[in-house]
Amino acid sequence: MTLPRQHDPIVAIATAPGRGAVGIVRVSGKSLQALAVALCDKHLRPREATYTGFLDAQGIAIDHGLAIYFPAPHSFTGEDVLELQAHGGPVVLQLLLARCLQASAQTNAASQVVLPRLRLAQPGEFSERAFLNDKIDLAQAEAIADLIDASTEAAARSASRSLSGAFSQEVHRLCDALIHLRMLVEATLDFPEEEIDFLRQADAQGQLARLQDGVQSVLQQARQGVLLREGIKVVIAGQPNAGKSSLLNALAGAELAIVTAVPGTTRDKLQQTIQIGGVPLHVIDTAGLRDSDDEVEKIGIARAWDAIYDADAVLFLHDLTRENAIDYVAADAHISRAMTEKLPKDVTIIDIWNKADVVPDALPRPGLVLSAKTGLGLDQLRQALLTAAGWQSAGQGLFSARARHVQALHQVAGHLQGAQRQLACAAQALDLLAEELRLAQNALSQITGAFGADDLLGVIFSSFCIGK
């Protein structure tokens with residue numbers, strides 16, 4: 001697969017915007033040694049860091065730093081790669097970038113060598129070229145972005161495992177087993193006159209069953225990988241003064257939300273990402289749910305309901321100190337009915353009975369009894385949130401994954417179920433069996449990019465940083 005723009009040499013600043021000790025300008029393309037001579041006035045030895053000046057068009061040094069030349073195919077992109085490591089000031093890096101573009105449009109007067117004409121790289125284009133030149137597969141390319149965006153240590157480690165090929169190896173193992181099974185079916189189709197029953201003697205039924213078990217195992221790991229990457233959205237909801245902001249502060253371990261005894265203090269959503277057991281949780285504190293004539297508060301309450309409807313889990317706070325107040329209990333019941341009726345069935349609602357420090361003799365009830373003020377019951381809440389997320393700790397063996405990977409594995413499982421039905425049928429329709437297996441392989445290959453559409457690549461790499 002080759003895109004027309006892949007042949008253009010590209011250049012970009014590869015370090016984050018802002019000031020830093022070191023900044024990198026990266027170039028990828030064909031025959032970059034001539035460009036290196038124009039910029040550094042010397043030939044660079046392959047894969048050897050050379051301290052040198054970076055020269056402007058008049059031969060005056062813009063800066064001094066390290067230049068490293070990686071000739072193809074032994075580079076990240078599979079093309080020639082030139083990295084200029086200078087001081088990390090924005091002006092310096094912009095001058096280097098402009099000099100690369102300027103030099104690429106000139107001819108070396110001494111050698112009459114035409115320098116490659118560079119253009120600015122698009123987001124993710126270096127990684128895209130690494131994929132197109134078979135240096136990495138698509139799952140590994142996505143793991144680069146996941147490693148950069150990781151919000152927890154566990155997420156970073158799982159992304160690193162995917163980048164090293166752990167996820168891809170699982171996919172290739174399944175694909176090899178699937179190809180072997182397809183070979184048996186195709187052989188039976190191609191030689192129907194043979195007396196030997198290829199499928200029965202080769203235990204095709206057993207092979208298919210083992211393949212289905214393997215897909216389910218990888219699917220479970222992928223779900224956990226998605227959870228590490230994306231986390232879950234947790235909304236704290238309830239009536240005013242139930243302790244929602246106090247609970248957010250307790251979970252975050254910091255005074256993020258203003259806490260007062262005045263009802264309606266929180267008027268808009270306040271979000272904080274925390275981690276529990278390495279899983280990122282995006283916790284949202286919302287305005288107290290009640291009838292109000294205040295226009296600003298009404299907007300906050302409407303946004304609170306929007307957040308509730310978009311949640312993966314809802315912490316419904318009840319105030320133990322008001323559990324005997326008729327109006328309060330009736331309002332709680334009304335909110336509970338609204339949540340139950342309008343939220344999807346897969347959204348977990350956890351009832352939280354707060355202010356156990358004030359009512360220490362509270363009777364057991366459905367949900368969790370805790371005190372956001374003293375921290376009583378917070379450990380049980382954290383465990384309940386992990387359970388609601390579907391987290392199953394798997395030690396150091398997890399790899400990062402994305403929603404599209406899970407969707408592809410579901411498609412594979414569906415086609416394998418179709419293949420199982422055809423294989424178990426007394427009057428086997430081998431052509432339909434072969435088609436189900438073919439579709440399963442196509443869906444599986446979408447994960448690593450061995451089979452897929454160009455528009456998918458555009459969506460994936462456009463979300464990367466420029467210079468990656």
Side-chain angles (χ1 to χ4, degrees), residues 150-158 220-221 223-239 241-259 266 269-286 288 307-308 311-323 332 335-336 339 343 346-398:
S151 58
T152 68
E153 179 184 349
R157 290 187 180 277
S158 66
Q220 177 59 31
Q221 288 181 284
R223 287 197 189 102
Q224 300 294 290
V226 171
L227 188 58
L228 277 181
R229 175 180 178 269
E230 299 180 357
I232 64 169
K233 187 180 297 183
V234 179
V235 172
I236 305 175
Q239 295 188 62
N241 276 7
K244 299 182 297 299
S245 297
S246 296
L247 181 57
L248 173 64
N249 292 342
L251 288 172
E255 295 296 321
L256 303 174
I258 299 173
V259 178
T266 302
K269 296 184 297 183
L270 179 61
Q271 178 170 326
Q272 176 69 18
T273 298
I274 64 174
Q275 63 165 307
I276 300 176
V279 179
L281 273 68
H282 313 293
V283 185
I284 302 172
D285 179 23
T286 59
I308 290 169
D312 297 311
V314 177
L315 304 183
F316 184 13
L317 254 65
H318 309 275
D319 187 345
L320 283 171
T321 65
R322 290 183 280 174
E323 63 177 341
D332 256 11
I335 295 171
S336 180
M339 288 184 184
L343 287 177
D346 59 345
V347 175
T348 301
I349 301 175
I350 303 176
D351 287 296
I352 306 294
W353 302 88
N354 190 28
K355 304 185 182 179
D357 56 307
V358 181
V359 188
D361 55 348
L363 297 174
R365 62 202 68 218
L368 297 173
V369 176
L370 59 76
S371 169
K373 183 177 181 179
T374 65
L376 174 69
L378 283 184
D379 288 341
Q380 291 88 335
L381 175 57
R382 293 186 180 100
Q383 187 56 51
L385 286 171
L386 290 179
T387 302
W391 176 246
Q392 299 174 0
S393 179
Q396 301 296 318
L398 285 181

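Residues: numbered from 1 along the sequence shown. Values below: every heavy atom of this structure, side chains too, minus hydrogens, waters and symmetry copies. Bear in mind that the values here come from a model prediction, so they are computed numbers and not experimental data.
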- [ ] Measure the shortest side-chain to side-chain distance between I350 and V314 over non-hydrogen atoms and say whether it is less than 4.5 angstrom.
- [x] no
Task: Minimal non-hydrogen separation, A155 against L228, with atom names - done: CB-O, 3.4 Å
TODO: Using only heavy-atom distances, determine whether the side chains of Q275 and E153 contain a donor-acceptor pair under 3.5 Å.
DONE: no
Open item on the list: Could you tell me if the side chain of V283 sits less than 4.5 Å from the side chain of Q271, heavy atoms only?
Closed with: no
Open item on the list: Can you tell me how far apart CG (L370) and CD (Q380) are? Round to the nearest 0.5 Å.
Closed with: 8.5 Å
Open item on the list: I'd like to check R382 versus D379 (side-chain heavy atoms, cut-off strictly below 4.5 Å). Are they in contact?
Closed with: yes
TODO: Measure from the side-chain N and O atoms of N354 to the backbone N and O of A242, and report whether any donor-acceptor pair falls under 3.5 Å.
DONE: yes
Open item on the list: So does I236 get a backbone contact from the side chain of T286, meaning a donor-acceptor N/O pair under 3.5 Å?
Closed with: yes
Open item on the list: Determine whether a donor-acceptor pair (N or O, by modelled atom type, separation under 3.5 Å) exists between the side chain of Q224 and the backbone of L398.
Closed with: no
TODO: Please report the closest heavy-atom contact between A237 and M339, naming both atoms and the distance.
DONE: CB-CE, 3.8 Å
Task: Gap between atom CG of L251 and atom CD1 of I276 - 0.5 Å precision - done: 6.5 Å
Open item on the list: Hydrogens and angles aside, do D357 and T374 bring a side-chain donor and acceptor to less than 3.5 Å of each other?
Closed with: no
Task: Close side-chain approach of Q272 to I274, heavy-atom, < 4.5 Å - done: yes
Open item on the list: Main chain of P366, side chain of W353: is a donor-acceptor contact present, judged purely on distance under 3.5 Å?
Closed with: yes
Task: Sub-4.5 Å side-chain heavy-atom contact between L248 and L270 - done: yes
Open item on the list: As an exercise, state the distance from CD1 of I352 to CG of L320, rounded to the nearest 0.5 Å.
Closed with: 11.0 Å
Task: Nearest-0.5 Å distance that lies between atom CD1 in I232 and atom CG in L281 - done: 4.5 Å
Open item on the list: If you compare all heavy atoms of G243 against all heavy atoms of A372, which two are closest, and at what distance to 0.1 Å?
Closed with: O-CB, 4.4 Å
Task: Closest non-hydrogen atom pair, V235 against A307 - done: CG2-O, 3.4 Å
Task: Least distance between heavy atoms, T273 atom then P280 atom - done: CG2-CB, 4.3 Å
Task: Donor-acceptor pair, side chain of H282 and main chain of E230, under 3.5 angstrom - done: yes
Task: Heavy-atom side-chain proximity of L315 to V234 below 4.5 angstrom - done: yes
Open item on the list: Walk me through whether Q392 and Q220 qualify under side chain to side chain contact (heavy atoms under 4.5 Å, CB included).
Closed with: CA-CA 9 Å; Q392 299 174 0; Q220 177 59 31; 3.1 Å; yes
Open item on the list: Let's go through L378 and L376 carefully: what are the C-alpha distance in whole Å and the side-chain angles of both, what is the deciding distance for side chain to side chain contact (heavy atoms under 4.5 Å, CB included) to 0.1 Å, and is it a yes or a no?
Closed with: CA-CA 6 Å; L378 283 184; L376 174 69; over 6 Å; no
Open item on the list: If we count only N and O atoms by modelled type, under 3.5 Å, do the side chains of D332 and Q239 hold a donor and an acceptor together?
Closed with: yes
Open item on the list: For the OG1 atom of T321 and the NZ atom of K355, what is their distance to the nearest 0.5 Å?
Closed with: 4.5 Å
- [ ] Could you pull out the closest heavy-atom pair between S336 and F316, with the gap in Å?
- [x] CB-CE2, 3.8 Å
Open item on the list: Is the shortest side-chain heavy-atom distance between L247 and N249 below 4.5 Å?
Closed with: no
Task: Pairwise distance CD1(I335) to NE2(H318) - rounded to 0.5 angstrom - done: 9.0 Å
